[in-house]
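Start at 1 and go down the list; that is how both ligands and their atoms are numbered.
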Amino acid sequence: MADMTQIAQAVKDGRKKIVEQLVKDALAEGVNAADILNNGLVVGMTELGELFKTGEVYVPEVLVAARAMKAGTAILKPLLMDENVQSLGTVAIGTVEGDLHDIGKNLVGMMLEGTGFTVVDLGENVPPANFVQAVRDGAQIIGMSALLTTTMPMMKTTIEALKEAGLRDKVKVMIGGAPITQEYADQIGADGYSTDAASAAELAKRLIAC
Ligand code: B1M
């Protein structure tokens, strides 16, 4: 019987092969892909984050856990997509300059694709100029992710770069990541903020309709 706590534990332990096997087993037992993601993989990474915070684990453990989590999400990705949906619009998404955290950004990208958006993944450590270029290339929404309090200001810098390029009124800007708040979004003039991947997709739908 599929046990989400086992999947969470395998992520925490960085057991890539075991994560892959448990995810496949859970799917074979009929567990929904979104449930495996939210109640297994994400729970494991969140719990590990707490241990990291309290100094019980260090960067190498977090790196192997991230690798295990990515292996699990790679199996789920095709199941979270609906390829027969017409594109709702193009979102260029990236983690801001100086920030290498990409797991949350990838989940947001997956949910956006699953909802019907075309997603251009700019990667992590993305300089403002790359976001600006993405708008020139046709993105209607820019999605910025930041996980570090030290990199949050790059969101404001990127919005300033869009203004300087004369593109700010041609694009909607949405932001997110663990340290981000609605208050911060308002402060820097972003068009929207969301706490998680599912609400990011809902937000993008609202923004594209404006
Ligand atoms: Co880092 N790290 N890390 N880390 N790391 C944090 C963020 C930290 C909170 C850990 C802690 O102390 N508790 C802390 C930041 C503290 C702070 O700034 N206040 C921290 C630190 C300090 C660091 C380093 C500086 C450590 C060091 O080197 N001494 C270093 C910085 C490197 C850099 O970026 N320059 C570093 C490195 C790393 C690893 C490379 C080892 C690894 C990243 C691997 C990778 O991403 N490929 C890592 C990880 C994994 C974490 C934790 C443990 C987990 C992050 C994660 O993936 N969460 C994290 C602790 C934590 O967050 N609890 C931590 C799971 C993910 C699903 O959630 O990313 O929040 P999250 O995304 C969510 C929402 O936030 C939201 O939706 C997502 C899905 O629901 N969301 C959006 C995210 N982006 C969005 C965008 C949107 C909308 C919603 O719109 C566009």
Open item on the list: Counting only heavy atoms closer than 4.0 Å, does ligand 1 sit against the backbone of I175, its side chain, both, or neither?
Closed with: backbone

Task: Heavy-atom nearest neighbour of atom 88 (C) of ligand 1 within options G94, S194, A185 - done: S194

Task: Closest protein heavy atom to atom 84 (N) of ligand 1, given as residue, atom name and distance to 0.1 Å - done: S145 OG, 2.7 Å

Task: Hydrophobic cluster identity match, M174 and V171, side-chain contacts under 4.5 Å - done: no

Task: Within-cut-off N or O pair, T46 and ligand 1, under 3.5 Å - done: no

Task: Proximal candidate to atom 48 (C) of ligand 1 [heavy atom criterion; set R67, H101, M144] - done: H101

TODO: Identify, for atom 46 (O) of ligand 1, the protein heavy atom at the shortest distance, and state residue, atom and that distance.
DONE: D102 N, 2.8 Å

- [ ] Report the nearest protein non-hydrogen atom to atom 18 (O) of ligand 1: residue, atom name, distance rounded to 0.1 Å.
- [x] T149 N, 2.9 Å

Open item on the list: Distance under 4.0 Å to a non-hydrogen atom of G143: what atoms of ligand 1 satisfy this?
Closed with: 91 (C)

TODO: Could you check T95 against S145 for side chain to side chain donor-acceptor pair (under 3.5 Å), going step by step and ending with a plain yes or no?
DONE: CA-CA 5 Å; T95 311; S145 179; 4.6 Å; no

Open item on the list: Within ligand 1, which atoms have a heavy atom of G98 less than 4.0 Å away?
Closed with: 33 (C), 34 (O), 35 (N)

Open item on the list: With salt bridge (Lys or Arg N to Asp or Glu O under 4.0 Å) as the test, pick out the partner of D191 among K172, R168, R206.
Closed with: R168

TODO: Give a yes or no on whether L79 and L22 share a hydrophobic cluster (residues Ile, Leu, Val, Met, Phe, Trp, Tyr; joining criterion: side-chain heavy atoms under 4.5 Å apart).
DONE: yes

TODO: Output yes when a side-chain donor or acceptor of Y58 lies under 3.5 Å from a complementary backbone atom of F52, and no otherwise.
DONE: no

Open item on the list: Is it true that T54 and E56 share a donor-acceptor pair across their side chains at a distance under 3.5 Å?
Closed with: yes

TODO: State whether the shortest distance between N or O atoms of L48 and N or O atoms of ligand 1 falls below 3.5 angstrom.
DONE: no

Task: Short N-O contact, D99 and K105, less than 4.0 angstrom - done: no

Open item on the list: Looking at Y184 and P179, would you say the former's side chain and the latter's main chain have a donor-acceptor pair under 3.5 Å?
Closed with: no

Task: D196 and S194, any side-chain heavy atoms less than 4.5 Å apart - done: no

TODO: Among all protein heavy atoms, pick out the one at the shortest distance from atom 79 (C) of ligand 1; state its residue, atom name and that distance to 0.1 Å.
DONE: A197 N, 3.7 Å

- [ ] Indicate if V19 and V31 have the same hydrophobic cluster label, given that clusters are the connected sets of ILVMFWY residues with side-chain heavy-atom separations under 4.5 angstrom.
- [x] yes

TODO: Identify, for atom 62 (O) of ligand 1, the protein heavy atom at the shortest distance, and state residue, atom and that distance.
DONE: L147 CD1, 4.0 Å

TODO: List every atom of ligand 1 that sits less than 4.0 Å from any heavy atom of L107, numbering the atoms from 1 in the order shown and giving each element.
DONE: 67 (C)

Open item on the list: Taking 4.0 angstrom as the limit and counting only heavy atoms of D196, give me the atoms of ligand 1 inside it, by number and element.
Closed with: 76 (C), 77 (O), 80 (O)

Task: Where ligand 1 meets G177 - atom numbers and elements under 4.0 angstrom, heavy-atom basis - done: 75 (O), 81 (N), 82 (C), 83 (C), 84 (N), 85 (C)

Task: Nearest protein heavy atom under 4.0 Å from atom 9 (C) of ligand 1, yes or no - done: no

- [ ] Mark the output for I93 as yes if a heavy-atom distance to ligand 1 is under 4.0 Å, and as no if none is.
- [x] no

Open item on the list: For D102, is there any backbone N or O sitting under 3.5 Å from a side-chain donor or acceptor partner on E124?
Closed with: no

Task: Under 3.5 Å: N/O of V108 near N/O of ligand 1 - done: no

- [ ] Just need the protein heavy atom nearest to atom 41 (C) of ligand 1, so name the residue and atom and give the distance.
- [x] V59 CG1, 3.6 Å

Open item on the list: Considering E50, M69, K53, M45 one by one, which has a heavy atom nearer to atom 65 (C) of ligand 1 than any of the others?
Closed with: M45

Task: Atoms in ligand 1 with a heavy atom of G49 nearer than 4.0 Å - done: 13 (N), 53 (C), 60 (C), 63 (N)

Task: Atoms of ligand 1 close to K70 [distance to a heavy atom under 4.0 angstrom, numbered from 1] - done: 47 (N)

TODO: Evaluate the 4.0 Å heavy atom contact test for atom 59 (C) of ligand 1: does a protein atom fall under the cut-off?
DONE: no

Open item on the list: My understanding is that only one of I142, I141, V108, I208 makes a side chain to side chain contact (heavy atoms under 4.5 Å, CB included) with V91; could you say which?
Closed with: I141

Task: A178: numbered ligand 1 atoms lying under 4.0 Å from its heavy atoms - done: 70 (O), 75 (O)

Open item on the list: Counting non-hydrogen protein atoms only, what is the nearest one to atom 71 (P) of ligand 1? Give residue, atom name and distance.
Closed with: G104 CA, 4.0 Å

TODO: Return the residue, atom name and 0.1 Å-rounded distance of the protein heavy atom closest to atom 25 (C) of ligand 1.
DONE: L148 CD2, 4.3 Å

